[in-house]
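This report concerns only the one structure given below.
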Amino acid sequence: MARLLKLDRGEAARVALAFGILMLVVGSYTMVKSVRDAIFLSKFGITELSLMAIGLAVLTSFVVTIYIRATAGIPRNLLILGTYGVVAASLFGIWAGLGTEDPSSLLPWVLYIWSSVFGVFTVMQFWLLANDLFDPREAKRFFGVIGAGAILGGMSGGFLPKGLAAIISPRGLLLIAGGMLVCAAILANIVWPLRRRDQKKKKRKEKKGEQGGGIAALKESPYLRLLAFALFFATVTTTLLDWQFKGIIKAEFAGRTDEMAGFFGALYGYLSVGSFLLQLLSTGWVLRRFGVGVGLLLLPLSLLF
């Protein structure tokens with residue numbers, strides 16, 4: 001593979017480690033999603049799920065904003081070690097709580113909310129790490145290969161719950177997911193000394209008064225406003241579809257948590273396979289043949305159909 005991509009020894013190590021970190025992070029989150037969906041739907045209905053969706057939209061943005069401000073200036077490797085370690089410890093704690101004789105009815109809510117929140121900044125921290133590891137020219141060469149780690153992680157994190165459903169309870173999968181994050185944190189600290197030279201010399205300068213830059217950029221840029229509106233409508237649509245779909249699954253499995261976890265795992269695994277095939281076989285051809293405009297219309301037109 002190194003010869004195929006024309007990598008030298010230093011580049012090969014960085015690419016391989018980045019690939020492994022992303023695979024573990026996405027695999028862990030995919031596995032937790034399978035568990036949290038099964039446990040929550042076995043205890044509650046789609047009415048509670050709709051309330052969850054509304055609350056998560058507000059909570060996630062708030063928590064991520066606080067997280068970014070609170071962790072500014074911390075070296076990336078230590079931040080990843082702390083973040084992934086805390087998330088892994090929380091998964092171990094929820095695993096223990098669900099295994100008690102009379103588990104709290106709040107735990108499914110905690111798992112659902114917390115997994116949705118940490119799923120954002122664990123992946124975000126990886127791509128910030130990737131920015132430290134690769135310069136723009138290297139990113140163009142390697143990010144496609146590294147991004148395949150996310151697809152492989154989605155496949156493994158999806159199919160493992162299905163394959164292990166007969167021998168491990170859904171809550172037991174939380175231990176595996178937490179262990180994957182611990183391994184990702186270790187790999188991140190192994191690859192950290194290999195980061196690009198300009199990042200080693202760079203001193204972080206956090207200037208006061210720049211925290212509101214995101215809103216200011218939206219006000220000044222029509223392009224960013226259009227992207228924000230597109231993301232808003234896409235999120236609303238996918239949330240409604242997800243709510244309807246999970247209502248059907250709730251009725252179909254009628255509280256059979258183990259089977260539901262296996263189903264969600266297989267679903268997420270097959271979605272990763274489909275995404276990989278779509279990316280490999282058709283995306284490039286569509287963009288080359290018809291352009292970006294037509295490519296962007298395909299998803300909303302397929303949903304409308």
Side-chain angles (χ1 to χ4, degrees), residues 14-36 55-97 107 109-134 139 143 146-147 149-150 152-154 156-157 171 173-196 199-200 202-206 210-211 213-214:
R14 282 184 291 150
V15 170
L17 288 168
F19 180 95
I21 295 167
L22 184 58
M23 181 184 69
L24 289 168
V25 169
V26 174
S28 173
Y29 177 58
T30 303
M31 190 176 295
V32 172
K33 279 203 307 180
S34 303
V35 175
R36 67 111 193 255
L56 281 175
V58 177
L59 180 64
T60 302
S61 60
F62 175 77
V63 171
V64 170
T65 300
I66 297 298
Y67 172 81
I68 291 173
R69 294 185 178 186
T71 58
I74 300 177
R76 187 82 58 209
N77 61 321
L78 297 181
L79 182 56
I80 288 178
L81 184 64
T83 300
Y84 290 9
V86 167
V87 173
S90 69
L91 293 177
F92 299 153
I94 293 172
W95 167 82
L107 279 177
W109 290 84
V110 172
L111 177 59
Y112 204 106
I113 294 171
W114 176 229
S115 64
S116 300
V117 172
F118 78 67
V120 175
F121 52 73
T122 51
V123 176
M124 175 184 70
Q125 280 300 335
F126 166 78
W127 286 113
L128 291 174
L129 172 66
N131 181 65
D132 293 336
L133 295 175
F134 304 99
F143 274 14
I146 294 170
L152 185 58
S156 60
R171 79 178 187 94
L173 295 171
L174 296 177
L175 293 178
I176 299 177
M180 293 169 73
L181 282 178
V182 172
C183 292
I186 293 172
L187 291 182
N189 279 267
I190 292 174
V191 78
W192 181 247
L194 304 178
R195 66 194 184 279
R196 48 194 241 239
Q199 288 296 320
K200 290 182 181 180
K202 180 180 177 182
K203 294 182 179 180
R204 300 181 182 277
K205 296 180 181 180
E206 298 296 334
E210 292 184 353
Q211 301 293 348

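Here the structure is a predicted model, which is why all the values come from computation and not from measurement. Computed from heavy atoms alone, side chains included, the values below leave out hydrogens, waters and symmetry copies.
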Practice problem: Check step by step if side-chain contact (heavy atoms from CB on, under 4.5 Å) holds for R14 and V191. | Solution: CA-CA 6 Å; R14 282 184 291 150; V191 78; 4.3 Å; yes
Self-check item: pair L111-L174: side-chain heavy atoms closer than 4.5 Å
Solution: yes
Exercise. Any chance you could lay out the side-chain contact (heavy atoms from CB on, under 4.5 Å) test for Q125 and R76, step after step, and finish with the verdict?
Key: CA-CA 8 Å; Q125 280 300 335; R76 187 82 58 209; 3.3 Å; yes
Where is the tightest heavy-atom contact between [X] and [Y], given as atom of each residue plus distance?
{"X": "I21", "Y": "A184", "value": "CG1-O, 3.9 Å"}
{"X": "F19", "Y": "G149", "value": "CE1-N, 3.3 Å"}
{"X": "V26", "Y": "A150", "value": "CG1-O, 3.4 Å"}
{"X": "F126", "Y": "Y84", "value": "N-OH, 3.9 Å"}
{"X": "A177", "Y": "V32", "value": "CB-CG2, 3.5 Å"}

Practice problem: With side-chain contact (heavy atoms from CB on, under 4.5 Å) as the test, would you mind laying out the steps for V15 and I146 before giving the verdict? | Solution: CA-CA 7 Å; V15 170; I146 294 170; 4.2 Å; yes
Practice problem: Please state whether the rings of F118 and Y29 are parallel, tilted or perpendicular, taking 30° and 60° as the class boundaries. | Solution: perpendicular
Exercise. Start with the C-alpha gap between Y67 and T83, add the side-chain angles, then the distance that decides, and say whether side-chain contact (heavy atoms from CB on, under 4.5 Å) holds.
Key: CA-CA 10 Å; Y67 172 81; T83 300; 2.7 Å; yes
Exercise. Verify, without hydrogens or angle tests, whether N131 (side chain) and W127 (backbone) share a donor-acceptor contact under 3.5 angstrom.
Key: no
Quiz item: Atom CG in L181, atom CD1 in I80: separation rounded to 0.5 Å?
Solution: 11.0 Å
